[in-house]
Every structure is written in C-alpha cells, then in structure tokens.
Amino acid sequence: MTSPRLRFAPSPTGYLHVGGARTALFNWLYAQQSGGTLILRIEDTDQARSTDAHTQVILDGLTWLGVTWDEGPYFQGADGPRHRADAERLLRTGKAYRCFCTKEELEAARQASPGGADTYKYDRRCHRLSAEAIDQRVLAGTPFVIRFLMPDEEIAWDDAIHGRISFQGRDLDDLVILRTNGTPIYNLAVVSDDVAMRITHVIRGDDHISNTPKQIALYQALGAPLPVFGHVPMILGPDGKKLSKRHGATAVGDYQAQGIIPAAMRNFLALLGWSPGDDREIMPEADLIAAFSLGAIQKKAAVFDVTKLEWMNGQYLSALPAASIEGLIAAHLADLGVALAGRDLRPAIDAVKSRARTLTQLAERVAVRLDPSRAALEPKGEALITKMGPAYAASLRLAIEALGTIPDAEWHPEPILAAIKRSAEAAGIKLGDAMQPIRVALTGDTVSEPVNELVAVVGKATVLARLAVVLGRA
RNA sequence: GGCCUCAUCGUCUAACGGUUAGGACACCACCCUUUCAAGGUGGUAACACGGGUUCGAUUCCCGUUGGGGCUACCA
C-alpha cells in the first residue's frame with residue numbers, strides 16, 4: 001500500500017475552534033505515525049462568509065499547536081473549472097441532470113409538503129423532462145442547476161472509528177452539485193478535490209456522517225476509488241451541548257491568549273476522545289505519535305474540561321526550565337505594564353512556576369515580585385481582604401512592627417521568618433495566620449512563593465510601605 | 001417528523017464474557033512545609049433502563065429512554 005494521504009479542510013468562515021484543532025491533530029498524528037502526507041485545504045467556496053483574515057488565523061493556530069502540513073494550503077475556490085468539469089461529466093453520463101426549478105418554486109414545494117418543510121424531498125420533476133423540453137429551455141437561456149441523481153441502493157462503508165454505517169439511497173435527496181452561477185456545492189467540491197488530491201483517509205468531524213453517503217455515491221458515479229472514512233466525535237460544552245461561543249473560549253487563539261502552552265494544548269486535545277489504552281496522561285509528542293490509532297478513538301462526544309486543561313498546562317509549566325519561557329513571560333509582563341528594564345526573570349519564574357497553571361497567572365505572580373506597588377488590590381485583593389476580616393488588620397500591624405525591627409543588614413529570609421515567628425508567638429496566633437495577611441497584602445493573591453522569601457526579595461522599604469497602604473484600606 | 005449516530009464516577013477515560021469495575025481532573029481528609037501552593041497518601045463517586053443469548057454479562061443481540069448530528073443553489 002502506498003503511503004497515506006490525509007487532509008484537513010477547514011472553511012475560513014470563523015476562527016480555529018478546538019474541535020477543528022483536534023480533528024487536525026488526529027490527522028497529523030496519523031500522518032506522522034504512518035509516514036503519510038497531510039494536506040491543508042481551505043474550503044472557501046462560500047465566498048460570502050470566507051475571509052483572508054480567518055484563513056490566516058487558522059494557519060497561525062495550527063502552527064502554534066505544532067500541527068504542520070506537508071502540502072498546501074490549497075484553496076478550493078481556485079479549482080472551479082475542475083469542479084465544473086466533474087459536474088458536467090456526471091451530466092453527460094446521466095448520473096446527474098439539469099434542474100430548472102427556481103428557488104421560489106422549491107421553497108413553495110417545501111412549504112406544501114405534507115409533513116412540513118422538514119420532510120420535503122425533491123420530486124425529480126426536472127429529471128422527467130423530455131430531451132426536447134430540456135433543449136428548449138437551455139436554448140432559451142433558462143437558468144438551471146445540476147442535480148445529482150441519487151441511486152436507489154444501499155450505501156455503506158466501514159468507518160475507521162464507528163465500524164459499519166449504512167444508509168439507503170432512497171432516503172437521500174437529489175442534491176444540487178452545481179449552482180446556477182456555475183460554482184460547486186460543498187459535497188461535489190470535496191469529492192472532486194479529494195479524488196484529485198488522491199486522498200486515502202478522510203478523517204473529519206462526526207457532523208459529516210450524513211454527508212458521507214452522498215459523497216460515496218459521488219465517488220462511485222465518478223468512478224473513483226473510495227478513501228477510508230473516519231468520523232471523530234464532537235466536542236461539547238459543560239452543559240452537554242455542542243461547544244459554541246456561548247460557552248466562552250472555544251477558539252485555539254483564546255487559549256493561547258490565556259497562557260496555555262502548545263504542548264499542553266496538544267496533549268490535552270489528543271486525550272479528548274482518544275487514549276493510549278493505558279494510564280498515561282502526560283505524553284510527549286513522540287509518545288502520542290507512537291501510540292495513536294484511529295480505532296482507539298472514542299465514539300461518543302466529549303465535554304471540554306477547561307479545568308483539566310489548566311491542570312495539564314500547570315504540569316508542563318512546572319517541568320519547563322525557566323529560560324524556555326522567559327520570553328513568553330516577558331511578553332505577558334509587558335502586557336501587564338510591568339517595566340522589565342532588562343531584568344533577569346528566571347529566579348522569579350523558578351520561584352513561582354510550580355504555583356501557576358497558565359502563563360498569564362505565572363506572569364502575574366512574577367509581576368508582584370518585580371513591582372509590589374501593582375499588587376492586585378482590586379478587585380480580587382479587596383475581596384480577599386474583606387474576607388479575612390478584622391483579624392487581618394491586627395496581623396498586619398503585628399507584621400509591620402516585627403519587620404520594622406529587622407536591621408537592613410539582616411533583611412534575609414531566615415531572620416525575617418524568625419521575626420514573624422516571634423511576633424506570632426507573642427501575640428498567641430498561628431504562624432499561618434500571621435503569614436497569610438502579608439502574602440495577600442503583597443500580592444493581592446492567596447498563592448505565592450514562601451512569604452519570608454517574598455518579603456526578602458521585595459525589600460524592606462517597599463514591604464513596609466506596602467503593608468501600611470493596605471492597612472489603611474483594611 | 002425522517003435518516004444517521006451515541007450511552008462506564010460530576011468530567012476525561014481503562015475494561016476487548018469471569019476484575020473488590022482501574023487511572024486522571026475536580027472535591028474531601030491526612031502527611032510534608034513552624035506559611036499559600038506544589039508534592040505524597042487515602043477517601044467519596046459510574047456500568048441509563050428492560051428483555052434476550054450464555055454456566056456467567058459493563059462487555060454480544062433486540063427494544064425503551066435520553067443525548068447528539070444531518071435534513072439549503074452553507075460548509
């Protein structure tokens with residue numbers, strides 16, 4: 001068998017959604033594993049909704065994810081002549097026919113359908129037209145579409161993921177394959193392209209299952225060999241409904257902006273609807289490629305669990321050397337308005353990287369260390385202070401007093417810890433109750449590196465000033 | 001409505017007729033840290049329902065129920 005040829009074929013009518021990204025990833029994993037070729041094809045035949053900006057976003061998203069393609073991007077819109085030729089070939093061989101019905105007539109017929117518009121199926125009235133009647137209309141310049149004559153037979157295939165799926169041709173409509181204006185309809189364009197590109201494996205979303213019998217009929221009418229079809233399940237929102245904008249972030253770019261790193265996203269997406277069959281979860285790219293198989297893909301739709309994605313991202317972050325994410329953190333800090341002035345961020349990153357789940361969160365924690373004056377007092381910090389209650393102010397007073405007695409020369413983690421400890425003991429409160437208010441005052445957050453280390457790094461003057469300011473607000 | 005499809009903890013999943021139904025996220029408890037996290041240990045939690053087939057069904061078959069997809073001169 002020759003090496004597999006796969007394709008990912010998004011339409012540039014929106015951003016790259018996680019569902020599409022996962023489909024692309026599965027195609028890529030299979031291609032990598034089998035030594036196959038992955039082709040990127042932009043399906044832009046819907047000119048009204050397609051934009052170059054969307055195309056670019058999709059390309060960027062795939063690149064960010066690490067899903068590389070071997071050929072393309074090809075643009076479907078460029079192959080109009082071939083699509084048209086295929087339609088005309090079907091017309092010549094009697095596998096398709098001209099339909100002169102207008103949209104208005106069809107709409108009226110739909111409405112008049114006994115079971116309502118939903119049960120309507122084209123009645124083939126134009127297929128019954130005599131040759132003379134057809135010639136007459138063509139000569140008169142009457143506009144027409146080309147309809148495919150759906151064969152009345154069983155259409156079935158062995159799906160790489162679902163197993164055998166079969167449809168009855170009689171349940172399918174005579175679909176339009178070429179519009180009045182000579183442009184192709186999706187199902188024709190896809191088949192024409194997949195045949196021309198010699199695609200051997202069509203791995204796409206579940207929502208295409210009902211398109212597949214139509215496309216198979218088209219392959220057969222065109223006399224082309226069938227590829228392997230595999231339909232991957234949908235991705236759902238937390239409410240079990242198809243993932244959409246109202247669920248919040250659905251585009252790959254959204255997660256990039258939130259500080260998810262590509263390796264974590266790739267790992268998470270790969271495990272959504274697929275598993276290596278054992279207990280592995282954190283899997284490097286090479287392991288993913290080695291273990292992947294279409295047959296192990298889940299049949300059922302999966303809920304996109306952002307919390308687990310963030311956990312996984314945190315795992316990747318804490319395993320990464322600080323130097324490898326310094327640049328990304330610097331970019332996030334710039335967004336936060338923190339002056340870098342050529343400072344070495346690595347010590348700060350190392351101090352907090354195991355405490356953050358996203359780059360954004362990591363950057364915020366690095367930021368308070370670099371510039372405590374920007375500590376997120378509001379609204380998160382304010383809420384925390386309120387929540388901590390009256391004991392909070394008392395603890396802060398204690399802290400100011402205790403830290404104030406430390407000589408500048410002894411401003412190091414150990415003496416600082418000792419001072420706080422003494423103060424807590426004297427006041428009869430637990431060390432944690434003495435520490436946490438300082439942490440919140442300095443960072444506006446409940447999580448940070450050890451308080452005494454943080455206090456040491458930030459510096460005496462800044463710490464005392466900061467605590468006084470917060471005390472004033474408490 | 002019609003056609004298609006799916007069904008294991010709240011979520012992601014393992015199991016390919018015989019298991020105390022395993023792992024992960026989340027949650028809870030404890031340990032570690034004279035502090036938050038991280039980490040470690042343990043715990044709560046699932047085979048949708050009803051019929052078959054079988055010595056034996058989470059697993060195979062049928063049905064019910066409940067999801068999802070499609071049903072355009074969109075893709």
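For the numbers below, each heavy atom of this structure counts, side chains included, while hydrogens, waters and symmetry mates do not. We name chains A, B, ... by the order of the sequence lines, and we start the count at 1 in each one.
Remark: C1' of B/G68 and CG of A/Asp239 are 12 Å apart, rounded to the nearest angstrom. If you take CG of A/Asn267 and P of B/U13, they are 14 Å apart, rounded to a whole angstrom. Between A/Met234 atom CE and B/C70 atom C1' there is a gap of 11 Å when expressed in whole angstrom units.
Counting only residues at least two apart or on different chains, no salt bridge (charged side-chain N to carboxylate O under 4.0 Å, His left out) pair has a member in residues 208-221 of chain A. Counting only residues at least two apart or in different chains, salt bridge (charged side-chain N to carboxylate O under 4.0 Å, His left out) contacts with residues 76-88 of chain A comprise A/Asp79-A/Arg82, A/Arg82-A/Asp193, A/Arg84-A/Glu88, A/Asp86-A/Arg89. Here salt bridge (charged side-chain N to carboxylate O under 4.0 Å, His left out) pairs that include residues 290-316 of chain A, with residues two or more places apart or in two chains, are A/Glu281-A/Lys308. Screening residues 155-165 of chain A for salt bridge (charged side-chain N to carboxylate O under 4.0 Å, His left out) gives A/Asp158-A/Arg164 as the qualifying pairs, with residues at least two apart or on separate chains.
Listed candidates were B/A38, B/U35, B/C73. Nearest to the side chain of A/Ser354 is B/A38. Among B/A37, B/G69, B/U35, the nucleotide with an atom closest to any side-chain atom of A/Arg439 is B/U35.
Applying the 4.0 Å criterion to OP1 and OP2 of B/A14, one finds that A/Ser275 has a side-chain N or O inside that range. At least one side-chain nitrogen or oxygen of A/Lys241 sits closer than 4.0 Å to the OP1 or OP2 atom of B/G68. For A/Arg179, a side-chain nitrogen or oxygen approaches OP1 or OP2 of B/A75 to under 4.0 Å.
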Protein and nucleotides 25-30 of chain B: nitrogen or oxygen contacts under 3.5 angstrom:
from	atom 1	to	atom 2	distance (Å)
B/A26	OP1	A/Arg357	NH1	3.2
B/A26	OP1	A/Arg357	NH2	2.4

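Judged by closest nucleotide on RNA chain B, A/Pro238 is the one of A/Val451 and A/Pro238 placed further toward the 5' end.
Considering only residues two or more places apart in sequence or on other chains, A/His208 meets the ring pair (Phe, Tyr, Trp, His ring centres under 6.0 Å) condition with A/Tyr186. Qualifying ring pair (Phe, Tyr, Trp, His ring centres under 6.0 Å) partners for A/Tyr316, counting only residues two or more places apart in sequence or in other chains: none. Under the ring pair (Phe, Tyr, Trp, His ring centres under 6.0 Å) criterion, A/Phe292 pairs with A/Phe26, A/Trp274, not counting sequence neighbours. Partners of A/Asp174 by side-chain hydrogen bond (donor to acceptor under 3.5 Å, both in side chains), not counting sequence neighbours, listed by chain and number: A/Tyr97, A/Arg124.
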5' to 3', nucleotides 3-8 of chain B under a 4.0 Å protein heavy-atom cut-off (B base, S sugar-phosphate only, - none) gives SSSSSS

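At the heavy-atom level, A/Val303 lies under 4.0 Å from the strands shown only through sugar-phosphate atoms. The residue A/Gly314 sits apart from the nucleic acid: no heavy atom pair falls under 4.0 Å.
Counting heavy-atom neighbours within 6.0 Å of A/Asp239 CG, excluding the residue itself, gives a total above 12.
Taking a 4.0 Å limit (strictly below) on heavy-atom distances, residues 8-26 of chain A reaches RNA chain B at A/Ser11.
Taking atom P on both B/C4 and B/G39, the two are 48 Å apart, rounded to the nearest angstrom.
With a cut-off of 3.5 Å on both pairing distances, the Watson-Crick or G-U wobble partner of B/G66 is B/C6.
Residues A/Pro437 and A/Arg397 have side chains not in contact (no heavy-atom distance under 4.5 Å, counting atoms from C-beta outward).
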N/O donor to acceptor pairs below 3.5 angstrom from side-chain atoms of residues 346-354 of chain A, sequence neighbours left out:
from	atom 1	to	atom 2	distance (Å)
A/Arg346	NE	A/Asp344	OD1	3.1
A/Lys353	NZ	A/Leu320	O	2.4

